[in-house]
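So the structure is just underneath, and the comments pick up after that.
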Amino acid sequence: MALWRAYQRALTAHPWKVQVLTAGSLMGLGDVISQQLVERRGLRAHQAGRTLTMASLGCGFVGPVVGGWYRVLDRLIPGTTKVDALKKMLLDQGGFAPCFLGCFLPLVGTLNGLSAQDNWAKLQRDFPDALITNYYVGCGPVCCCYLELLPVLEGTPALSRLHSVTSIL
């Protein structure tokens, strides 16, 4: 509990920095979990470069972009009613999610060394499934609750809830 309170204090004092570091840490941790628990690589076969790439993507792209979007979303639709939450979710999932995925997936492909042609083919192949998965996760009632209860980047741990970030991974 003390760690959580310290995190909240840091987020209140430095929302942008903490948010970026949180996104990077969670994406790096997610890759470690993927390699060790899902792929069962073991420590010797762990691809540290891949983990570093994912953490860097979190710090350099996901954290700033999603955080910036939440700030815009909160300004576009101020309020905390259920109707406001629904509006935020619809705008987030209908407008932001497709654009975000359309940028995120090619960025990952580029960092993985894909040629422009291969990256385009991968985007065309993977985008529909990624977007559908995003809708399953992002449009749930839990998402609505988060958007309703949390004024974004105003001293509350909005990104610790991982709304859009988890919906694309």
Side-chain angles (χ1 to χ4, degrees), residues 16 19-77 84-148 150 152-153 158-169:
W16 196 253
Q19 174 183 331
V20 166
L21 291 173
T22 299
S25 299
L26 290 173
M27 287 187 69
L29 179 61
D31 185 67
V32 169
I33 291 168
S34 176
Q35 288 191 54
Q36 296 306 314
L37 299 180
V38 177
E39 299 168 27
R40 300 193 184 276
R41 289 183 175 272
L43 294 178
R44 291 181 192 223
H46 187 88
Q47 296 173 339
R50 185 178 114 178
T51 300
L52 184 58
T53 297
M54 292 307 292
S56 298
L57 267 171
C59 289
F61 180 75
V62 174
V65 170
V66 172
W69 165 243
Y70 279 144
R71 292 177 98 171
V72 168
L73 188 60
D74 216 31
R75 286 188 193 126
L76 287 174
I77 306 170
D84 294 330
L86 182 61
K87 288 178 187 176
K88 288 177 182 182
M89 184 199 64
L90 291 173
L91 191 55
D92 181 58
Q93 295 300 305
F96 177 73
C99 297
F100 181 81
L101 286 171
C103 295
F104 180 79
L105 294 173
L107 180 57
V108 171
T110 299
L111 291 173
N112 286 328
L114 294 181
S115 68
Q117 186 177 11
D118 290 341
N119 211 353
W120 177 247
K122 185 171 176 22
L123 177 63
Q124 288 178 312
R125 184 186 70 233
D126 293 349
F127 182 82
D129 287 340
L131 190 59
I132 289 168
T133 301
N134 174 76
Y135 289 150
Y136 280 125
V137 175
C139 290
V142 172
C143 170
C144 272
C145 291
Y146 294 155
L147 290 173
E148 177 182 354
L150 297 173
V152 178
L153 288 177
L159 274 187
S160 68
R161 305 291 196 235
L162 288 180
H163 166 61
S164 288
V165 176
T166 58
S167 66
I168 60 162
L169 298 177

**Study point:** Pair F61 and F100, ring centroids less than 6.0 Å apart
**Key:** yes

**Study point:** Minimal non-hydrogen separation, Y135 against P98, with atom names
**Key:** OH-CG, 3.8 Å

Point to revise | Atom pair CG/CD of N119 and Q124 - distance to nearest 0.5 Å | key: 10.5 Å

**Study point:** Inter-residue atom distance L105.CG - T110.OG1, 0.5 Å rounding
**Key:** 11.0 Å

Exercise for review: Identify the heavy atoms of R41 and E39 that sit nearest to each other, and give their distance.
Suggested key: NE-OE1, 2.7 Å

Exercise for review: Report the C-alpha separation of V65 and F96 in whole Å, then their side-chain angles, then the decisive distance to 0.1 Å, and conclude whether the side chain to side chain contact (heavy atoms under 4.5 Å, CB included) test is met.
Suggested key: CA-CA 10 Å; V65 170; F96 177 73; 4.0 Å; yes

Point to revise | Closest non-hydrogen atom pair, L57 against L107 | key: CD2-CD2, 3.3 Å

Point to revise | Least distance between heavy atoms, T51 atom then G28 atom | key: CG2-O, 3.6 Å

**Study point:** Approximate separation, where rounding is to 0.5 Å, of Q35 CD and L43 CG
**Key:** 10.5 Å

Exercise for review: To the nearest 0.5 Å, tell me how far R50 CZ sits from L111 CG.
Suggested key: 13.5 Å

Review point. Going from CG on D31 to CG on L26, what distance comes out if it is rounded to the nearest 0.5 angstrom?
Key: 12.5 Å

Check your understanding: Do you know the tightest heavy-atom contact between P64 and G58?
Key -> CD-O, 4.0 Å

Study note, to complete from the structure: In terms of heavy-atom contacts, L91 and I77 come closest through CD2-CD1, 4.1 Å

Practice item. Answer whether the closest heavy-atom distance between the side chains of V32 and M54 falls below 4.5 Å. Key: no

Review point. Is a side-chain donor or acceptor of S34 paired with a backbone partner of G30 at a separation under 3.5 angstrom?
Key: no

**Study point:** K122 bridged to D126 by N-O distance under 4.0 Å
**Key:** yes

**Study point:** Results of side-chain hydrogen bond (donor to acceptor under 3.5 Å, both in side chains) for N112 - residues two or more places apart only
**Key:** none

Point to revise | Whether Q36 side chain and G42 backbone form a donor-acceptor pair below 3.5 Å | key: yes

Exercise for review: Would you check if K88 and D74 make a side-chain contact, meaning some heavy-atom pair closer than 4.5 Å?
Suggested key: yes

Exercise for review: Output the distance between atom CG (L114) and atom CG (L123), rounded to the nearest 0.5 Å.
Suggested key: 11.0 Å

